[in-house]
Amino acid sequence: MLGNLGWGALPFVRAWRDPSVSELIGAAAGSVVVIGAVAVLALLTWAKAWRYLWTEWATSLDHKKIGIMYIALAGVMLTRALIEAVLIRTQQATAINAPGLVEPGHFAQLFTTHGSIMIFFMAMPFLTGLINYVVPLQIGARDMAFPYLNSVGLWLTVGGAALMMVSLVIGAFSTGGWSGYPPYTELAFNPGVGPDYWIWAVTLSSVGSTTAGINIACTIYKMRAPGMGWMRMPMFCWTSLCTAIMMIFAMPPLTVATLLLAADRYAGMHFFTNGHGGDMMNYVNLFWLFGHPEVYILILPAFGVYSEVVSAFSSKELYGYTSLVIATAAIAVLSFTVWLHHFFTMGQSADVNAAFGIATMAIGVPTGVKIYDWIWTMFRGRVRLTPPMLLSIAFMVTFTLGGFTGIILATPPLDYVLHNTLFLVAHFHNMLIGGLLYGLIAGYMYWFPKAFGFRLNERWGRISVVCWVAGFYLAFMPLYVLGAAGMARRTQEVFDPAFRPWLLIALCGAATLFAGLISLFVQLYVSIRDRHANRVPVGDPWDARGLEWSVAAPPPEWNFASIPHVGRLDAFYWRKRNEGAYHPADHYHDIELPKESACGVIIGVAAAACGFGLVWHIWWMAALSLFVIFVTTIARSFMRDVTKIIPAETVEAFDREWLAQARAAHPVPRQLEQSEINEGLAEWIA
């Protein structure tokens, strides 16, 4: 009945049998997951919140709520991944001619889960959540093109994340790195359940991301407000569109790679076994056909955030809009031409390496165009150093430094020397923290008042920014030195005492980054506590430009009382300056919206259960779960009562009440926008 599952799969049992420091740390991590889950369940029961959570959130097809749930998932997974990062750095700092805290297999699990979570279950949900929330509002739509598919994508991602968390409590995770290279993840080399957990968690995430890409692209193609031509879209919409197209083409190779690897492990195939007619390089090519576009899938939405933030907090039109659009599209195309630089060391000819090295350097050109455009946007603007703006400025400096090191690694002979060292680790964290994470946090802070109707506490936001920026430089600049000195990445024990000072600095940096995360949580708590003093119901606290700021904060379920007509770029900004904003609709009509549906939740839970059954060879569980997914999908296709009507009277009552608040509010100047007098109506400048 339970397949290969036995008592030895529990970390608590393993710690009882072998009370080493490594096993005790594993048992403690599992205990945190169990205690945390029980505490959440108890709290929800005590608060009698189950019905509310189910009807208002879990089953909702509202793009705004789905976006918020994506971001909440990313926050949970970021917390785990950062704790693992601190443990990795602690291990290396204490394991200098000494065993350290964790044994080699446990250490390998740590860097595998850290990388897998940060890419698939932190970055992807975070950016998908931001896009989900913001894009329909920016293009004047009521929802995504496929609201039900949106829910399915969310819950498939949640299912994959659940498998990641369950692996802490039952069994162990893969030791094959976030890329899962065979032959190490093949059955002969790694017969445990770890690679199987990785395969099914990543597969669920990749399928969910593919559905998200299709949905985002169709939404932007087909649901823009009347008059919003391509060159009237906000830059965040452009970066979201290019990201979605890359998702559609880049995620399937990853899904194919993980499923073929599963066929090797479960069915005795040898797609990636060199000695049996396969070729492990087929896996490497498939993975990096996904993996390098993935880098730009991650970074392009952050570029869109910086475009919005820099323009809003400089009180200026975005400089070089057309060049930014062209640069974004160029990056999206070029991202598919550079995957081979991830394996310069694997024996290609010099000509092939040179071609991909040149392509890798070329992709830096459109990125440089963006940096210059953002700098010129700030030039002679009324720059306000808010936390999102501080993160944007820190990004420009940090990302440029990372780009220089990318040029070094794009040179095949230098990459051959540095590829397996901490220099490479420093480079990609330089890009992903200084580029991606700063952007995601800036977007979270920038749009938070729109989503929840009150501003975040600026003091704690600044503290968090200092921790994130200082922590990055302390944690990763020493790795450039260590890598150039020859320290290999994924090293569990270090034998050169000269590395000790740099590793201790890196440990301090990791702790500072974790303090940055804690600061974000404190900021959220303080902001919720003081929410009544910081309300911005009118909805435009920053004097921003996009249509998302033209509605109440938080927006109603239907977004717009009437679909806006767009006659130019930054239409809402122009309307504010020509007395065209905050007027009632000519006519109010009934609005049709998608009804709540439990089908997405059922599919996500069943997919996670299927993955768990496959991991432990509990075949009845896997078969039953697949049957549930099939039946739910077919049943949904027969449902006809899938929409609801919001009466025109309800829409009109809400709209007129909000407009009355807007008329009663006093416009606030820039220097007071973080004060309590800001009710979401910023003073505009001619």
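We use all heavy atoms of the structure for the numbers below, so side chains are in, but hydrogens, waters and symmetry mates are not.
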CA sep, side-chain torsions, deciding dist, call: Leu437, Leu432, side-chain contact (heavy atoms from CB on, under 4.5 Å) | CA-CA 6 Å; Leu437 196 54; Leu432 292 181; over 6 Å; no
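- For the ring-ring contact (aromatic ring centres under 6.0 Å, His included) test, no residue two or more places apart in sequence or in another chain qualifies with Tyr133.
- For an aromatic pair to be called close, the ring centres must be under 6.0 Å apart, and Phe287 with Trp178 satisfies this.
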Decide yes or no on side-chain contact (heavy atoms from CB on, under 4.5 Å) for Leu474 and Leu507, but give the supporting numbers first.
-> CA-CA 8 Å; Leu474 288 171; Leu507 173 59; over 6 Å; no
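- Within the model, atoms CE of Met431 and CG of Leu298 stand 12.0 Å from one another, a figure rounded to the nearest 0.5 Å.
- Panel note: side chain Thr421, backbone Met487; no donor-acceptor pair is recorded below 3.5 Å.
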Can you check side-chain contact (heavy atoms from CB on, under 4.5 Å) on Met77 and Met118, steps first, answer last?
-> CA-CA 8 Å; Met77 302 307 284; Met118 290 297 275; over 6 Å; no
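- With sequence neighbours left out, the ring-ring contact (aromatic ring centres under 6.0 Å, His included) criterion links Trp619 to His617.
- For the pair Glu294 (side chain) and Trp288 (backbone), a donor-acceptor distance under 3.5 Å is absent.
- Applying the side-chain contact (heavy atoms from CB on, under 4.5 Å) test to Gln109 and every residue at least two apart in sequence or in another chain returns Ala172, Phe173, Thr175.
- Counting heavy atoms from C-beta on, the side chains of Pro497 and Asn97 come closer than 4.5 Å.
- Between Arg500 atom CZ and Thr94 atom OG1 the span is 9.5 Å, to the nearest 0.5 Å.
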May I have the step-by-step check of side-chain contact (heavy atoms from CB on, under 4.5 Å) for Trp198 and Leu163, ending in yes or no?
-> CA-CA 8 Å; Trp198 182 85; Leu163 287 177; over 6 Å; no
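- For CH2 of Trp616, the number of neighbouring non-hydrogen atoms (other residues, nucleotides, ligands) closer than 6.0 Å is greater than 12.
- Between Tyr296 and His292, the gap from one ring centroid to the other is short of 6.0 Å.
- Thr112 and Ser174 share no donor-acceptor pair across their side chains, judged by distance under 3.5 Å alone.
- Between the side chain of Glu103 and the main chain of Gly105, a donor-acceptor pair closer than 3.5 Å is present.
- If you take CG on Asn215 and CE on Met247, they are separated by 11.0 Å, rounding to the nearest 0.5 Å.
- To the nearest 0.5 Å, atoms CD1 (Ile117) and CD1 (Ile119) are separated by 11.5 Å.
- Considering only heavy atoms from C-beta on, Thr210 stays 4.5 Å or farther from Ile248 through its side chain.
- No donor-acceptor pair closer than 3.5 Å links the side chain of Thr273 to the backbone N or O of Gly275.
- In terms of the side-chain hydrogen bond (donor to acceptor under 3.5 Å, both in side chains) criterion, Tyr444 has no residue partners (sequence neighbours excluded).
- In this structure a side-chain-to-backbone donor-acceptor pair under 3.5 Å is missing from Asn420 to Arg489.
- By the side-chain contact (heavy atoms from CB on, under 4.5 Å) test, Trp57 is found to be paired with Tyr52, Leu53, Lys65, Ile68, Met69, residues two or more places apart in sequence or in another chain being considered.
- Under the rule for a ring-ring contact (aromatic ring centres under 6.0 Å, His included), the partners of His429 that lie at least two apart in sequence or sit in another chain are Phe476.
- For Val615, the side-chain contact (heavy atoms from CB on, under 4.5 Å) partners two or more places apart in sequence, or in a different chain, are Val193, Asp196, Tyr197, Trp200.
- Tyr283 has its ring centre less than 6.0 Å from the ring centre of Phe272.
- With sequence neighbours left out, the side-chain hydrogen bond (donor to acceptor under 3.5 Å, both in side chains) criterion links Arg14 to no other residue.
- In this structure Asp279 satisfies the side-chain hydrogen bond (donor to acceptor under 3.5 Å, both in side chains) test with no other residue, sequence neighbours excluded.
- Separating the CD1 atom in Ile88 from the CD1 atom in Ile83 is a distance of 12.0 Å, to the nearest 0.5 Å.
- In this structure Thr185 satisfies the side-chain hydrogen bond (donor to acceptor under 3.5 Å, both in side chains) test with no other residue, sequence neighbours excluded.
- More than 12 heavy atoms of other shown residues, nucleotides or ligands fall within 6.0 angstrom of atom OH in Tyr148.
- Residues forming a side-chain contact (heavy atoms from CB on, under 4.5 Å) with Thr59 (at least two apart in sequence, or on another chain): Trp54, Glu596, Ala598.
- With 3.5 Å as the limit, one finds a donor-acceptor pair spanning the side chains of His106 and Ser22.
- Enclosure of atom CZ in Phe630 is not indicated, since only 12 or fewer non-hydrogen atoms of other residues, nucleotides or ligands lie within 6.0 angstrom.
- A donor-acceptor contact shorter than 3.5 Å is absent between the side chain of Arg265 and the backbone of Ile199.
- Side-chain contact check for Gln92 versus Phe107: some heavy-atom pair is nearer than 4.5 Å.
- How far CG of Asn150 is from CG of Asn132: 4.0 Å, rounded to the nearest 0.5 Å.
- Scanning for ring-ring contact (aromatic ring centres under 6.0 Å, His included) contacts around Phe126 gives an empty result, with sequence neighbours left out.
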